[in-house]
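Report on the structure given below.
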Amino acid sequence: MRQYELRRDESGTEADDGRAREVLQGLNEAQRTAVQATDGPVMIIAGPGSGKTRTLTHRIAYLIARGKAQPRDVMALTFTNKAAREMKQRVQQIIGSGSARGMWMGTFHSTFARLLRREGEHIGYTSDFSIYDTDDTDRLLRNLMKGMNIDPKQFKVRTMRSLISSAKNQLVSPEDYQRMATGAAQERAAQLYGPYVQTLRRANALDFDDLLIKPIELFETHPDILEQYQRRWRYLHIDEYQDTNHAQYKLAKLLAARHKNICVVGDDAQSIYAFRGADIGNILSFQRDYPDATVVRLEQNYRSTKTILQLADSIIKQNEDQLEKELWTDNHEGEYVVLIEALSERDEAKKIEQTVRDLHVREGYSYDDFAILYRTNAQSRSLEEALRRGGIPYRVIGGVSFYQRKEIKDVLAYLRLLVNPADQASLRRVINYPTRGIGAKTQERLFQYARREGLSAWQAIQQIDEAGLSTRAQNAIERFGFLISSHAAKAESMPADELARALIKETGMLDELRNENTRESLGRWENVQELISAIAEFTAQAEEATLATFLQEVALLTDLDEDEGQGNRVTLMTLHASKGLEFPVVFVSGLEEGLFPLSRAAQEREQLEEERRLFYVGATRAEQKLFLSYARSRFLYGKQESAVRSRFLDEIDPAVVRTKAGGPIKRQKDRFTLDEGDAVDYDEVDPHYYRRNLRGSKNTSSKRTRKTTRRASNGSSSGRRVVYDEGAAEIVPGVRVEHDHFGEGKVQALDGEGEQMAATVFFQSVGQKKLKLKYAKLRRIG
DNA sequence: AGAATGGACTTTTTT
DNA sequence: AGTCCATTCT
């Protein structure tokens with residue numbers, strides 16, 4: 001594509017028209033309509049693989065090419081930082097380098113963090129505020145709960161956090177929430193909400209929700225500032241609009257109110273973040289908010305084969321809530337979608353690994369053509385093991401990312417404390433790490449003293465001699481105070497990376513890691529070094545290159561933002577993380593009841609529909625080949641559990657799916673009929689049945705329906721599933737065995753390893769016995 | 001103060 | 001299996 005110089009002062013000339021025409025090249029009719037609708041509100045309803053981000057990008061380029069807007073008039077809000085980066089690069093590719101300068105592109109969170117850096121002082125935040133992630137807020141909440149005698153066993157911290165979070169997102173104040181809270185959990189959350197907000201405030205800290213609601217507060221209390229930004233951002237673009245929450249919706253509305261040049265892109269069928277407060281209603285009601293909106297549908301799919309699209313369509317058709325949309329593609333028919341059936345999660349992983357290897361060797365796919373998707377992060381383990389065994393390079397996205405690692409968070413906490421001494425969460429985190437003689441008791445006294453005197457913890461440290469502590473404790477605290485303040489004093493004169501290095505060195509963290517001298521501790525040591533390089537790199541090239549900015553941006557980074565990166569590797573990630581990506585070959589694994597859909601989600605229609613959309617998202621990541629897999633038993637939470645394959649497999653169009661052997665797939669209903677011939681109805685089966693513990697038969701659910709009781713007790717018939725595993729002993733829970741003395745019995749459970757392996761067996765003659773396999777000669781029968 | 005040990009409990013997705 | 005907690009040991 002030809003490059004253009006940006007000529008700011010010649011907008012509207014013929015040359016610019018030519019440039020604008022070029023921006024439209026390679027777009028289909030619908031995409032062009034969306035690009036050219038430059039005035040007023042626009043909603044683009046776009047299916048997967050329809051080039052929606054591309055359309056948005058070209059629209060921005062078009063606005064500039066046509067002279068409708070200067071780069072600084074444009075704002076684009078994306079789902080990930082990476083998406084923003086790519087969009088910026090694309091715009092520059094299309095209309096010339098440097099042409100995106102001054103554009104605000106980024107996620108909602110990073111964009112409004114930036115805004116608060118500039119304007120936060122108007123509502124009482126200095127620009128070096130700390131951003132608390134869920135780890136920090138959970139700690140903080142746990143402390144509050146302790147102080148208020150709320151039992152964390154009865155009311156989980158994460159539950160409290162998410163209740164408070166949704167109240168915040170709904171813009172409900174602590175006072176109002178106290179009034180409207182119903183039920184024990186909500187009432188507790190209402191109790192915590194006020195103190196929680198105050199603690200954050202005192203710490204000059206913001207949580208993720210604050211990054212959105214504080215700007216709203218700012219705009220509502222300072223109309224002049226709002227107007228200034230309304231004037232500036234004349235063109236507002238929002239990608240993945242179906243995943244915006246109420247606060248984001250409100251922000252968009254405020255900013256667009258003046259010019260109404262708001263362009264949103266989204267797909268209601270891909271809304272998968274309701275648990276985080278995303279409101280699918282935002283996209284469904286866009287036309288109500290902007291009655292004169294231009295609505296464009298992007299229905300042509302450029303990504304997937306006809307077969308894959310047909311499968312995806314058969315999934316999403318099952319949902320009641322959706323906007324009308326007819327997806328189609330010019331692509332090839334493609335191959336059947338393949339269902340991989342496995343006996344255990346190890347077996348599943350092995351079969352996936354073999355398939356990857358096979359396609360790599362026989363069909364020449366490169367490793368980065370593959371993505372393996374799963375519902376929960378815990379599932380990556382067995383897949384990783386299989387890939388490692390097979391010598392296939394891979395990378396895992398999500399899970400514990402670099403900036404979530406303990407050693408990194410520790411260092412970051414030190415640095416945050418330097419920048420923002422009010423930051424209480426960080427102070428608590430590092431005050432006694434590495435251990436320096438400030439134990440729990442001393443800390444408690446310190447915080448008590450601070451509270452009594454109405455001081456921040458940091459202020460209390462400054463005057464610790466008045467706190468009446470033992471000399472030893474006092475000295476330890478003074479030393480810690482000096483450690484922080486002496487380095488904070490150097491912050492002005494020293495480059496951030498050097499400062500970080502000096503501080504870390506003096507804390508003794510590095511020595512401790514080195515002395516431990518294990519592979520893990522050396523890895524951690526390297527991570528810390530890497531962090532210091534990252535700080536150096538950031539300060540060398542960022543626009544606002546302060547340590548505070550670094551810390552804020554780092555808090556908002558995700559694994560997804562990482563560059564595709566080095567090397568040719570298979571990608572492993574959750575279905576959620578796969579949003580917006582595409583791969584030639586995709587595996588959707590773990591299609592089992594209770595896992596996908598998750599058992600909690602299967603209860604209510606709305607949640608079940610979200611799971612189904614998640615399946616839809618996963619399936620539509622695939623360009624050429626799609627594999628679905630499930631295992632008949634799975635090792636979860638320390639136990640081997642049996643599993644029934646997912647109801648989603650029954651919902652998909654059987655005409656496009658084949659088993660690995662090439663045969664048509666059998667429907668669940670055919671396989672798991674009861675003796676009487678009744679078909680299995682998912683709604684009637686106790687969900688616990690699916691995840692019944694095969695070992696230890698005691699804790700089977702008491703709330704089984706009549707049908708399932710009958711089914712569970714009827715030994716060898718079609719409903720019974722038994723755990724097998726390749727290479728595993730013949731003796732596994734569920735099999736019938738024979739013993740020289742006791743006769744026939746059934747294995748209930750296995751435990752211990754190697755020599756110590758013992759089986760709990762129920763014998764008809766003598767009842768339950770626990771026998772060491774080494775001594776008892778058990779023979780498997782049947 | 002801090003390390004070591006044992007028991008209870010886990011059971012989702014993430015900006 | 002891993003984590004968090006309380007208790008006990010050093």
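Every value quoted in this text rests on a predicted model; they were computed, and no experiment measured them. Throughout, protein chains are lettered first and strands after them, A, B, ... in sequence-line order, and every chain is numbered starting at 1.
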Enumerate, atom names and distances included, each donor-acceptor pair closer than 3.5 Å involving a side-chain atom of residues 146-156 of chain A, sequence neighbours excluded.
unit_1	atom_1	unit_2	atom_2	d
A:D151	OD1	A:K153	N	3.0

So, does [X] get its side chain near the phosphate of [N], meaning an N or O under 4.0 Å from OP1 or OP2?
X	N	answer
A:S110	B:dT15	no
A:T574	B:dT14	yes
A:R381	C:dA1	no

Worksheet item: Contact class for A:N245 (heavy atom, under 4.0 Å): base, sugar-phosphate, or nothing?
Response: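 Nothing, no nucleic acid heavy atom in range.
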
Worksheet item: Which residue pairs satisfy the side chain to side chain donor-acceptor pair (under 3.5 Å) criterion with at least one member in residues 436-447 of chain A, sequence neighbours excluded?
Response: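 Side chain to side chain donor-acceptor pair (under 3.5 Å) check on residues 436-447 of chain A returns A:Y414-A:R436.
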
Discussion item. Per the side chain to side chain donor-acceptor pair (under 3.5 Å) rule, what does the pair list look like for residues 264-274 of chain A, sequence neighbours excluded?
Written reply: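 Qualifying pairs, neighbours excluded: A:D267-A:Q270, A:D267-A:K325, A:D268-A:K325, A:Q270-A:R621.
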
Just distance, no hydrogens or angles: give the donor-acceptor pairs under 3.5 Å from side chains in residues 372-382 of chain A, sequence neighbours left out.
unit_1	atom_1	unit_2	atom_2	d
A:Y374	OH	A:M573	N	3.3
A:R375	NH1	A:E611	OE1	3.0
A:R375	NH1	A:E611	OE2	2.6
A:T376	OG1	A:Q379	OE1	3.0
A:Q379	OE1	A:R375	N	3.3
A:Q379	OE1	A:T376	N	2.8
A:S380	OG	A:N377	O	3.2
A:S380	OG	A:E384	OE2	3.1

Worksheet item: Contacts to DNA chain B from residues 152-169 of chain A, heavy-atom cutoff under 4.0 Å, which residues?
Response: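 Per residue number, the list reads A:R158.
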
Worksheet item: By ring-ring contact (aromatic ring centres under 6.0 Å, His included), which residues pair with A:Y196, not counting sequence neighbours?
Response: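 Here no residue qualifies.
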
Discussion item. Could you work out, with ring-ring contact (aromatic ring centres under 6.0 Å, His included) as the rule, every residue matching A:F587, not counting sequence neighbours?
Written reply: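 A:F587 satisfies ring-ring contact (aromatic ring centres under 6.0 Å, His included) with A:F627 only.
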
Worksheet item: Who pairs with A:D423 by salt bridge (Lys or Arg N to Asp or Glu O under 4.0 Å), at least two apart in sequence or on another chain?
Response: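 Residues passing salt bridge (Lys or Arg N to Asp or Glu O under 4.0 Å) with A:D423: A:R416.
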
Worksheet item: Taking the side chain of A:H109 as heavy atoms from C-beta outward, which of B:dT15, C:dA1, B:dT13 is closest to it?
Response: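 Selected nucleotide: B:dT15.
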
Which atoms of nucleotides 2-6 of chain B (N or O only) lie under 3.5 Å from a protein N or O atom, and what are those distances?
unit_1	atom_1	unit_2	atom_2	d
B:dG2	OP1	A:G437	N	3.0
B:dG2	OP2	A:N432	ND2	3.1

Worksheet item: In whole angstrom, what separates A:D138's CG from B:dT12's P?
Response: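 Nearest whole value for this atom pair: 13 Å.
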
Practice prompt. Using the ring of A:F79 (Phe, Tyr or Trp, six-membered ring only), decide whether A:K579 places NZ or CZ under 6.0 Å from its centre and within 45 degrees of its axis.
Written response: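 So A:K579 does make the cation-pi contact.
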
Practice prompt. Answer yes or no as to whether B:dT14 has its base stacked against A:Y273, where stacking requires a ring-centre separation under 5.5 angstrom and planes under 30 degrees apart.
Written response: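 Stack criterion not met.
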
